Amino acid sequence: MKHIAEIEGQTYIIEIIDEHHVRIDGELHEISFEAVRQPLTFSLLVDGKSFETNIYRENGQWEVLMRGHRYTVDVVDEREQRLRSAAGKTQLRHEKVYLQAPMPGLVIDIPVQEGQDVEEGDVLLVLESMKMQNELTAPRPGTVSRIKVKVRDNVDRKQTLIIVD
């Protein structure tokens with residue numbers, strides 16, 4: 001079965017061939033995917049290139065932290081994609097987004113203010129964790145309604161940092 005992944009507005013067709021092979025947009029890749037530290041750190045090898053990733057589920061989508069950048073990933077199978085298309089891909093854009101810390105860390109920067117309008121992908125907060133700076137971005141357009149932390153605060157995993165309406 002094929003899966004459809006949407007990452008930062010780009011759509012990819014993914015077909016899992018077997019335990020060590022996937023086809024992405026028709027191109028075959030050799031992969032290895034292993035848990036390094038539970039619950040969210042993984043080692044990913046793609047065609048011999050190594051990546052360390054943090055992957056977790058947030059607001060109904062997958063969040064992937066890799067090389068200091070946060071990606072929001074929506075993955076559905078072919079059947080779900082057909083259902084969404086038939087329904088006009090109704091998505092609840094009016095729900096609040098609770099931006100939570102994907103891991104413990106130190107707040108380095110908050111480049112937004114309460115009341116500010118943001119677009120999907122805008123950086124809301126920079127979190128330093130494991131000596132890496134991670135940009136946490138808006139998963140959809142909205143307005144920053146509440147900032148619950150300040151620069152130099154230490155935060156825990158799953159702690160709510162910013163609320164976007």
Side-chain angles (χ1 to χ4, degrees), residues 3-12 14 16 22 24 29 31-46 49-77 80-81 84 89-165:
H3 294 78
I4 295 90
E6 187 175 319
I7 306 168
E8 296 189 339
Q10 184 78 17
T11 301
Y12 301 91
I14 301 169
I16 300 171
V22 297
I24 302 173
H29 296 278
I31 63 158
S32 176
F33 187 73
E34 302 286 332
V36 176
R37 288 184 297 271
Q38 289 295 344
L40 55 104
T41 303
F42 298 88
S43 170
L44 173 64
L45 288 172
V46 179
K49 294 179 186 171
S50 179
F51 303 91
E52 184 173 293
T53 62
N54 293 319
I55 302 171
Y56 58 96
R57 193 95 166 130
E58 193 72 49
N59 293 324
Q61 295 180 311
W62 291 100
E63 300 293 331
V64 178
L65 283 170
M66 185 167 64
R67 294 187 174 174
H69 188 77
R70 178 174 161 244
Y71 301 92
T72 300
V73 182
D74 185 27
V75 180
V76 295
D77 61 29
E80 177 66 22
Q81 181 68 17
R84 283 186 182 185
K89 194 177 179 182
T90 54
Q91 192 171 23
L92 299 176
R93 290 289 194 190
H94 63 276
E95 288 185 4
K96 289 185 181 193
V97 172
Y98 294 87
L99 181 69
Q100 296 179 329
M103 60 189 70
L106 176 68
V107 176
I108 298 298
D109 189 22
I110 306 170
V112 295
Q113 299 174 1
E114 288 184 5
Q116 181 177 334
D117 290 334
V118 294
E119 295 298 320
E120 181 177 339
D122 285 355
V123 176
L124 301 178
L125 185 137
V126 179
L127 181 68
E128 183 177 276
S129 181
M130 299 185 292
K131 298 183 183 177
M132 288 187 63
Q133 291 190 4
N134 300 287
E135 294 182 339
L136 305 184
T137 58
R140 65 161 177 82
T143 303
V144 176
S145 63
R146 181 97 192 272
I147 299 174
K148 299 183 68 145
V149 294
K150 39 188 195 316
V151 174
R152 292 193 294 271
D153 279 358
N154 285 303
V155 297
D156 296 321
R157 181 174 183 270
K158 293 286 201 182
Q159 180 177 337
T160 298
L161 309 171
I162 295 178
I163 301 171
V164 176
D165 287 333

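Remember, predicted model here, so these are calculated numbers, not experimental data.
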Check your understanding: What residues, two or more places apart in sequence or in another chain, satisfy ring pair (Phe, Tyr, Trp, His ring centres under 6.0 Å) together with Phe51?
Key -> none
Exercise for review: Mind checking ring pair (Phe, Tyr, Trp, His ring centres under 6.0 Å) for His29 and listing every partner two or more places apart, or none if nothing turns up?
Suggested key: none
Review point. Would you say the side-chain atoms of Glu114 and Ser145 include a donor-acceptor pair closer than 3.5 Å?
Key: no
With the side chain counted from C-beta on, respond yes when [X] and [Y] share a heavy-atom pair under 4.5 Å apart, and no when they do not.
{"X": "Val22", "Y": "Phe33", "result": "no"}
{"X": "Met66", "Y": "Thr53", "result": "yes"}
{"X": "Asp122", "Y": "Gln116", "result": "no"}
{"X": "Leu136", "Y": "Pro102", "result": "yes"}
{"X": "Leu125", "Y": "Val149", "result": "yes"}

Review point. Which of these passes side chain to side chain contact (heavy atoms under 4.5 Å, CB included) with Thr143: Val118, Asp117, Val112?
Key: Asp117
Practice item. Could you go through the side chain to side chain contact (heavy atoms under 4.5 Å, CB included) check for Glu8 and His69 one step at a time? Key: CA-CA 12 Å; Glu8 296 189 339; His69 188 77; 2.8 Å; yes
Could you tell me which non-hydrogen atom of [X] sits nearest to which non-hydrogen atom of [Y], and how far apart they are?
{"X": "Val107", "Y": "Leu127", "answer": "N-CD1, 4.0 Å"}
{"X": "Ile110", "Y": "Leu124", "answer": "CG2-O, 3.6 Å"}
{"X": "Gln113", "Y": "Val144", "answer": "O-CB, 3.5 Å"}
{"X": "Gln100", "Y": "Leu161", "answer": "C-CD1, 4.1 Å"}

Practice item. Rounded to the nearest 0.5 Å, what's the gap from CD on Glu120 to OG1 on Thr72? Could you check? Key: 7.5 Å
